[in-house]
Asks: 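Would you mind keeping the following structure in view while I ask a few things?
Not measured: the values here are computed from a predicted model. To find a chain, count down the sequence lines: A is the first, B the second, and so on, and within it residues start at 1.
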Amino acid sequence: MGGGLEGNAIYRAVYGLVVDTLGWASWLAYFIAAMVIILIVVNGVLVLGTLYTWFERRVLGRFQGRLGPNRTGPFGLLQPIADALKLMFKEDIVPRGADRLVFSLAPIVMLVPTLLVLAIIPFGRGSFLADLNIGVLYIAAVGGITTVAVLMAGYASANKFATFGSMRAVAMVVSYEIPLVMALLGVTVLAASMSMVAVVEAQHLPYLLVAPLGAGVFLVAISAELNRNPFDVLEAESELVAGYLTEYSGMKYGVFMLAEFTNTIVAGAIFAVLFLQGWQWTVLSPLGSQVGFLGFLDTGVVRQIESHFWFLFKVGLFAFAATWVRATLPRLRIDQILSLAWKVLFPLSLLNVLVLAVEVIVWPEPSVGDLAIMAAINWPVAGAAFFVAARLVSLGTRAPGLGVGAAVGVR
Amino acid sequence: MTLRTEPVVVSIGPHHPSTHGVFRMRLTFDGENIIDAEPVIGYLHRGTEKLAEERQYTQVITLTDRLDYVSSMTSNQAFVLSCEKLIGLEVPDRGMYLRVIASELQRIVSHLIGVGFFLQELGGFGGTALMYAFRERERILDLFEMLCGARITVSYSRIGGVFADAPADFWPALRRVLDDMPGYTDELEALVFESEIVQSRTKGVSPIDPVLAVNASLTGPVLRASGVAWDWRKAAPYDVYDRVDFDVPVGANGDNYDRFWVRIQEVRQSLRIVEQCIEQIEPGPVRATDAMLFRPPPGDSYVPTESPKGELGFYLVSDGSIAPYRCHVRAPSFINLSLFKEMLVGWKLADAIVSLGSLDFNMGEVDR
Amino acid sequence: MTTAVTGHELADALRERFGEAVVDSTDGAVWIAPAAIAGVCAFLREDEAHDYALLSSLTAVDYVEYFEVVYRLTSLSRNAMTVLKVRVPGRDGPSLPTVTPVWRGAELQEREVWDLMGVSFDGHPNLKRLLTWEGFEGHPLRRDYLEPPLPYTWPHGG
């Protein structure tokens with residue numbers, strides 16, 4: 001294990017309180033303090049996920065020329081609470097023929113990986129639960145578990161729509177894990193580390209600027225992993241009613257929805273850490289990474305709070321962009337989604353790793369200037385690659401084997 | 001190792017988000033591919049034709065509102081045209097112009113809903129396109145409210161003309177809508193037809209051969225998308241369609257894309273027709289007769305009209321009494337389902353939903 | 001403007017070929033013998049002088065002594081329209097040949113006529129109930145149809 005909780009102000013405060021004031025054993029203090037932090041992080045993120053349901057509905061409403069929820073509390077802010085209350089009081093129906101155990105377990109399996117990822121996310125300067133030296137790999141490993149939950153839900157529901165949805169999910173995730181991991185590999189090559197904290201600290205320039213190809217592939221692949229538009233085929237409401245969620249009701253449904261929205265927030269956090277400099281803010285600051293926006297108040301506490309703010313801001317940007325995409329794009333068909341993964345994203349992600357690897361050999365420990373040169377090389381490469389991919393790969397429809405109109409004799 | 005597979009039969013509907021009401025399709029799947037399809041209808045059957053036999057002709061007008069409930073103006077018009085033909089009644093000019101204005105506005109509404117739901121069925125947009133389409137629809141429904149006090153079930157056309165003349169403030173309100181509509185149409189068209197994903201999802205999907213389309217009695221935009229320029233407003237102009245100038249947009253491939261392209265183009269043509277009607281309309285009576293009781297001589301009549309869905313006509317048989325002896329509705333939505341199987345078999349579930357939407361049928365008219 | 005081909009004109013054209021099968025004609029329609037209807041329809045569709053490619057509508061009227069099946073044909077190339085009628089006698093199981101092989105569009109409409117009027121079409125590929133449900137008794141559009149008393153209701157319904 002890389003770093004620990006020692007740098008965390010809350011941890012130190014609680015630890016100090018338990019050891020010094022209460023005089024308890026240090027292992028107990030460590031346990032209590034860690035639990036306090038975990039409690040704050042998990043609940044904080046879940047509240048963020050809940051708030052995101054409100055945010056998405058409001059923003060979507062604006063995109064569509066309507067208001068969105070605005071009756072419960074100021075600006076409709078209490079709407080998620082009202083929704084949760086409603087779901088809690090609904091009857092919990094398990095369909096006849098369902099596999100009861102798997103059916104009940106699926107929402108939990110859906111939510112847990114989301115929360116596990118939080119363990120390695122640096123939320124601010126020195127503010128993280130654990131600094132795993134295999135952090136990036138850990139994300140890929142834990143993130144894949146949600147598919148199992150979808151498969152469980154689809155199988156256990158004993159419903160054809162649910163089965164369709166979960167089968168689509170498996171087909172999709174098998175395809176999209178590869179470009180996703182490849183995009184993560186590009187970041188690892190650049191930062192020369194798999195630790196999330198090291199990745200943030202290595203980003204003198206945001207990797208979004210340095211490796212646009214990787215960032216693009218990551219964004220597309222993560223939307224597929226999150227089942228968001230235009231890849232939401234597994235719960236495509238116009239085709240599969242609600243896909244794998246069809247038979248769920250009450251709080252089980254609520255947990256699924258919570259997990260889905262929290263997933264978006266967590267994905268935003270991952271994107272912010274890997275491609276947007278995490279808690280740092282240098283794009284607007286000509287003086288480099290060490291001076292923040294509030295640099296004149298350069299005290300430890302202020303800078304730590306400020307870093308949290310920047311991190312949340314970037315997550316919010318991602319959430320807004322996700323909503324924007326949802327309001328703008330129609331859904332792809334499942335075969336188009338798969339060909340996009342294998343014919344476009346996979347080659348592009350390989351190219352990304354290749355180019356970055358060569359550049360890292362040339363500039364082993366890149367400074368801001370080196371990163372800027374890399375960006376200057378990578379943007380034209382990315383543009384050319386996207387252009388070529390768009391030219392070579394067509395997602396258009398080919399006529400199927402069975403002839404249309406062949407069944408009837410026409411003169 | 002070989003995996004054993006077997007076809008899955010999925011019953012989509014009658015309660016399904018995208019079956020336009022209570023339509024049911026029985027689809028057999030091999031994986032995601034459809035290998036058999038059968039429409040199952042009748043869940044909204046209200047016996048309109050039977051009900052009409054027990055009512056006076058004027059009372060049947062309100063039944064026609066409830067056939068194609070997103071396009072009641074054109075249903076009213078088709079019915080009263082048939083009644084007028086039974087007794088050879090001449091309608092005053094102003095009445096005919098008002099009917100045509102109302103019908104063309106209704107056509108815009110119907111096509112907007114068709115395109116809106118088509119985009120909804122393509123998935124995504126989070127409902128954006130549908131909301132855009134409904135926004136314009138609201139404005140036209142407000143105009144209907146000014147004309148006759150109702151928005152959906154209008155019963156505006158009456159035997160011998162229309163219910164009443166338009167109020168004075170109807171014309172400026174219509175002007176405002178007409179000024180805004182081309183912009184809205186462009187906006188919707190850009191949203192739909194310039195989107196890469198929409199094109200890759202709809203171009204070449206479920207094409208209908210023109211010969212087969214005619215053979216299967218398809219009419220309306222579905223037929224025209226296949227390249228057959230057949231429009232009853234041109235072929236047998238009723239009311240004042242022979243006095244206005246408009247084009248019949250025709251598709252090239254008969255695929256899902258063309259079916260919606262044709263609808264958007266027809267919105268533009270409808271706007272043209274309304275513009276010309278406003279120029280030509282002159283003051284005068286709007287209704288030939290105020291007779292409360294309509295008692296035609298024995299005989300039968302049928303007037304084909306071009307409703308937004310296709311050829312709509314009422315086959316009326318009169319036995320000389322005050323109620324029709326037989327009132328058959330030639331419902332375009334229903335007959336356009338003839339090629340259901342051919343359109344769906346071989347495509348994927350996602351395509352099937354869109355192809356179904358491209359027929360733009362209305363369950364009130366299918367089941368009657 | 002669509003030409004309405006009068007029944008007399010059409011009857012004259014058809015008599016050469018079908019002779020006795022042409023029963024009667026008025027200005028509005030031609031009456032065809034039930035057995036010959038499929039052949040007449042195929043001829044009218046195939047023959048270039050007629051070219052009735054579109055079957056506009058197919059319906060039936062119950063005149064109590066007999067059923068009258070009405071075929072409304074449209075020629076897109078000539079912009080002409082005409083009406084064929086067939087008198088089918090009998091209350092139980094009146095039948096006539098199907099025209100589904102001639103016009104694909106007749107399939108659903110013939111099913112509807114069978115469902116609501118009880119006129120059956122021989123050779124129809126899929127003559128099942130359409131608007132009512134399987135197991136429904138009677139044909140509701142007949143003039144003598146009486147709604148059965150409750151508790152006859154939708155299956156599994158209230």
Asks: Show, in sequence, the C-alpha distance, side-chain angles and deciding distance for Arg333(A) and Leu122(B), and conclude whether the side-chain contact (heavy atoms from CB on, under 4.5 Å) test is met.
Replies: CA-CA 9 Å; Arg333(A) 208 170 43 211; Leu122(B) 273 175; over 6 Å; no
Asks: Say whether, by atom type as modelled, one donor and one acceptor occur between the side chain of Gln64(A) and the main chain of Tyr132(B) under 3.5 angstrom.
Replies: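 No, the answer is negative, given that no donor and acceptor are paired below the 3.5 Å cut-off.
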Asks: Would you please name every residue forming a side-chain hydrogen bond (donor to acceptor under 3.5 Å, both in side chains) with Asn336(B), sequence neighbours left out?
Replies: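 Asn336(B) satisfies side-chain hydrogen bond (donor to acceptor under 3.5 Å, both in side chains) with no other residue.
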Asks: For the candidates Val354(B), Val9(B), Leu130(B), which exhibits the highest count of non-hydrogen atom pairs separated by less than 4.5 Å from chain A?
Replies: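 Answer, by heavy-atom pair count under 4.5 Å with chain A: Val9(B).
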Asks: Is it true that atom OH of Tyr253(A) has more than 12 heavy atoms of other residues, nucleotides or ligands lying nearer than 6.0 Å?
Replies: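 No, OH of Tyr253(A) has 12 or fewer neighbouring heavy atoms, counting only those of other groups under 6.0 Å.
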Asks: Quick check on Phe318(A): does its CZ atom have over 12 non-hydrogen neighbours (other residues, nucleotides or ligands) under 6.0 Å away?
Replies: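 Yes, CZ of Phe318(A) has more than 12 neighbouring heavy atoms, counting only those of other groups under 6.0 Å.
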Asks: Locate the shortest heavy-atom distance separating Pro330(A) from Val198(B); write the atom from each residue and the value.
Replies: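 So the minimum-distance heavy-atom pair works out to CG-CG2, 3.6 Å.
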Asks: For a quick test of reading the model, state the closest non-hydrogen atom pair linking Ser200(B) to Gln336(A) and the distance between them.
Replies: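 Ser200(B) and Gln336(A) have their closest heavy atoms at O-NE2, 3.0 Å.
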Asks: Kindly state each residue pair satisfying salt bridge (charged side-chain N to carboxylate O under 4.0 Å, His left out) with at least one member in residues 50-59 of chain A, sequence neighbours excluded.
Replies: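 Matches after skipping sequence neighbours: Glu56(A)-Arg228(A), Glu56(A)-Arg326(A), Arg57(A)-Asp83(A).
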Asks: Strictly distance-based, threshold 3.5 Å: is any side-chain N or O of Arg201(B) a donor or acceptor partner for the main-chain N or O of Arg331(A)?
Replies: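 Yes: the side chain of Arg201(B) pairs with the backbone of Arg331(A).
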Asks: Are the side chains of Ile12(B) and Lys160(A) in touch, meaning some heavy atoms are under 4.5 Å apart?
Replies: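 Not in contact.
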Asks: Phe29(B) vs Phe164(A) aromatic rings, parallel, tilted or perpendicular, using cut-offs 30° and 60°?
Replies: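 Perpendicular, since the angle between the ring planes exceeds 60°.
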